[in-house]
Amino acid sequence: MICDLLFVTLQAMFTRKMIRTTILLLAAALSAGCGNHAARSQKRVSASRSAQTAATVTPKSYTYRVRNAYPHATTSYTQGLLWHDGQLWEGTGQYGKSVIQTLDLASGRTHKLAELPRSEFGEGIAIVGGELFQLTWLSNTAHVYRLAEGRLEKIREHRYAGEGWGLTTDGEKLYFSDGSSDLLALDPATFRRERRITVTCEGAPVEYLNELEWIDGRIWANVYTTNQIVIINPATGVVEGIVDLSGILPAEEVSAETDVLNGIAWDPDTRRIFVTGKNWSKLFEIELIEQ
C-alpha cells in the first residue's frame, strides 16, 4: 500500500504514545442508559460506513523537483513557516532561542520581530485576521501579536491543554496539531476547540503530525522525524497524498547540527511551495511530481 512507507518509518522511530482517558466516555455511556438504542445503532452504522470509505481512499504518491534553492540560517530551528505580505515568516524553537522572524529569500538574512522567554520553547505559527499566533511546546500557551508596520505587538495569550506543535489557518479558523493523529479546529478569537479531525491513511491513524500549511483547501503536514508530508482533506481527515522529500538536502549540506525536515510555506499569488528543516542550510522552492 502507498501508506506502508510512512507507517514503517513511524514504527522505526522512538515510540511516543499519547495517553487518552476513557473515563468521561464511560460515564457518558452509563448516564445515557439503554435509551435511544435505534439512534445509537444508526450512528454506529454511519461511523462504520465512514471508516470503510476512508479505508478505500488510496493516496496519491508524489516526489518533487527543486525549482530554486535559497540560503537558510543554520541557527534557525524551524518550527513554523508561512508566506505573508510578500515575504516568509518563521517561528523557531529551542529554549532561549525561540523567536519570530522574517526571512530575506535572496540572502537568507533574518529580521527578528519577537522573542520568547528562555523558559518557553516556540512551536508553530499562523496569521489570521491581522494577528499572528505562536504556539509553545510544553508551556500550554499561545501568544498572539498584532501586525503593525513591520513589527509585532503582543496583545493577549490563550491557554490550552496538552502540547503545541503545528498551526495553520484557512483564513477563518485555526488548525492545531499536538503530535498525535488528531488536528483541532479552533476559533481564533477564543482558542476554543470546535472540531477534532482524526487523520487516517488507508484507514489507519497517522501520528506525529507536526508543522502545518493550508494549500488549496487541503492541510499539508510534516510527519515528525520522516521525510514525508501528508496532504489531508480537512473535512474527513483522510490523507489524499503523500509527498516524499527524501534526499532534498544534499549530503554535503548536512552537519552534526542538522535536524529533521520541518517547515512548509505557500505563496498563493505565485503558487510557490517552500520547504525547509530545523537548522537546515537551505530553503527550497519545489514542485510536485505525481508518481
Side-chain angles (χ1 to χ4, degrees), residues 64-118 120-128 130-137 143-154 165-169 210-215 220 222 229 245 247-287:
Y64 63 93
R65 178 182 294 115
V66 173
R67 299 184 64 182
N68 288 294
Y70 304 96
H72 180 255
T74 56
T75 54
S76 294
Y77 191 82
T78 308
Q79 299 288 71
L81 192 69
L82 61 85
W83 184 272
H84 176 76
D85 198 23
Q87 62 185 338
L88 281 165
W89 298 61
E90 184 175 43
T92 71
Q94 302 286 27
Y95 292 109
K97 299 180 180 180
S98 296
V99 304
I100 298 170
Q101 59 194 15
T102 55
L103 310 180
D104 178 74
L105 265 182
S107 67
R109 287 194 298 269
T110 62
H111 175 59
K112 185 169 67 177
L113 298 172
E115 185 173 6
L116 287 181
R118 296 185 64 84
E120 295 187 359
F121 193 116
E123 288 282 347
I125 62 172
I127 295 176
V128 59
E131 296 177 344
L132 187 148
F133 294 76
Q134 178 188 28
L135 300 181
T136 54
W137 179 29
H143 300 275
V144 188
Y145 308 85
R146 180 185 294 114
L147 305 182
E149 297 296 327
R151 56 193 175 89
L152 296 177
E153 295 178 355
K154 177 76 175 289
W165 284 41
L167 198 64
T168 191
T169 180
N210 199 6
E211 212 270 327
L212 309 175
E213 182 70 15
W214 185 276
I215 301 178
W220 291 37
N222 282 116
I229 292 171
L245 294 180
I248 191 168
L249 185 66
E252 60 269 22
E253 297 287 341
V254 177
S255 72
E257 288 72 37
T258 305
D259 211 309
V260 299
L261 176 77
N262 200 48
I264 312 165
W266 166 245
D267 175 3
D269 294 330
T270 61
R271 303 190 63 79
R272 290 183 295 174
I273 303 168
F274 299 97
V275 297
T276 192
K278 303 171 187 285
N279 301 132
W280 280 26
S281 59
K282 291 288 189 293
L283 182 145
F284 301 95
E285 178 191 342
I286 63 168
E287 61 178 294

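Note that this is a predicted model, so its numbers are computed, not measured. Heavy-atom basis, side chains included; hydrogens, waters and symmetry copies ignored.
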Worksheet item: Mind checking whether Tyr70 and Leu103 have side chains closer than 4.5 Å, heavy atoms only?
Response: no

Worksheet item: Any side-chain heavy-atom pair from Leu132 and Trp89 closer than 4.5 angstrom?
Response: yes

Worksheet item: What distance separates Leu283 CG from Leu249 CG, expressed to the nearest 0.5 Å?
Response: 11.0 Å

Practice prompt. I would like to know whether Glu123 and Leu167 meet side chain to side chain contact (heavy atoms under 4.5 Å, CB included); could you show each step before the answer?
Written response: CA-CA 8 Å; Glu123 288 282 347; Leu167 198 64; over 6 Å; no

Worksheet item: Can you tell if the side chain of Ile248 reaches within under 4.5 Å of the side chain of Val66, non-hydrogen atoms only?
Response: yes

Practice prompt. Determine, stepwise, if the pair Tyr145 / Ile100 fulfils side chain to side chain contact (heavy atoms under 4.5 Å, CB included).
Written response: CA-CA 10 Å; Tyr145 308 85; Ile100 298 170; 3.5 Å; yes

Worksheet item: For the residue pair Phe121 and Tyr95, does the interplanar ring angle fall in the parallel (under 30°), tilted (30 to 60°) or perpendicular (over 60°) class?
Response: perpendicular

Worksheet entry | Backbone N/O of Trp165 and side chain of Asn210: donor-acceptor pair under 3.5 Å | no

Item to complete: Just grab all the salt bridge (charged side-chain N to carboxylate O under 4.0 Å, His left out) pairs involving residues 263-275, residues at least two apart or on different chains.
Response: Asp216-Arg271, Asp267-Arg272

Discussion item. Test of understanding: with salt bridge (Lys or Arg N to Asp or Glu O under 4.0 Å), list the residues that count as partners of Arg109, not counting sequence neighbours.
Written reply: none

Discussion item. Less than 4.5 Å apart, side chain to side chain, heavy atoms only: is that true for Thr110 and Val99?
Written reply: no

Table please: side-chain donor-acceptor pairs of residues 274-281 below 3.5 Å, with sequence neighbours left out.
{"from": "Thr276", "atom 1": "OG1", "to": "Lys282", "atom 2": "O", "distance (Å)": "2.8"}
{"from": "Lys278", "atom 1": "NZ", "to": "Gln79", "atom 2": "OE1", "distance (Å)": "2.2"}
{"from": "Asn279", "atom 1": "ND2", "to": "Thr74", "atom 2": "O", "distance (Å)": "2.9"}
{"from": "Trp280", "atom 1": "NE1", "to": "Asp259", "atom 2": "O", "distance (Å)": "2.8"}
{"from": "Ser281", "atom 1": "OG", "to": "Glu253", "atom 2": "OE1", "distance (Å)": "2.6"}

Practice prompt. Enter the distance from Leu88:CG to Leu81:CG here, rounded to the nearest 0.5 Å.
Written response: 5.5 Å

Discussion item. I'd like to check the salt bridge (Lys or Arg N to Asp or Glu O under 4.0 Å) partners of Arg118; sequence neighbours left out, ordered by chain and number.
Written reply: none

Worksheet item: Got a sec, which residues hit salt bridge (Lys or Arg N to Asp or Glu O under 4.0 Å) with Lys112, two or more places apart in sequence or on another chain?
Response: Glu115

Worksheet entry | Nearest-0.5 Å distance, NZ of residue Lys97 to OG1 of residue Thr92 | 9.5 Å

Worksheet entry | Atom of Gly263, atom of Asn222 and distance for their closest heavy-atom approach | N-OD1, 3.0 Å

Worksheet item: Is there side-chain contact between Ile273 and Trp220, with heavy atoms separated by less than 4.5 Å?
Response: yes

Fill in: Over all atoms of both residues, closest heavy-atom pair of Ile127 and Thr169
O-CG2, 3.3 Å

Worksheet item: Is there a donor in the side chain of Ser98 and an acceptor in the side chain of Gln134, or the other way round, less than 3.5 Å apart?
Response: no

Worksheet entry | Donor-acceptor contact present, side-chain Trp266 to main-chain Glu213, <3.5 Å | no

Discussion item. The criterion is salt bridge (Lys or Arg N to Asp or Glu O under 4.0 Å); which residues satisfy it with Asp104, sequence neighbours excluded?
Written reply: none

Worksheet item: With a 4.5 Å limit on heavy-atom distance, are the side chains of Glu211 and Thr78 in contact?
Response: no

Discussion item. What's the separation between atom CZ in Arg65 and atom CD1 in Ile286, rounded to the nearest 0.5 Å?
Written reply: 11.5 Å

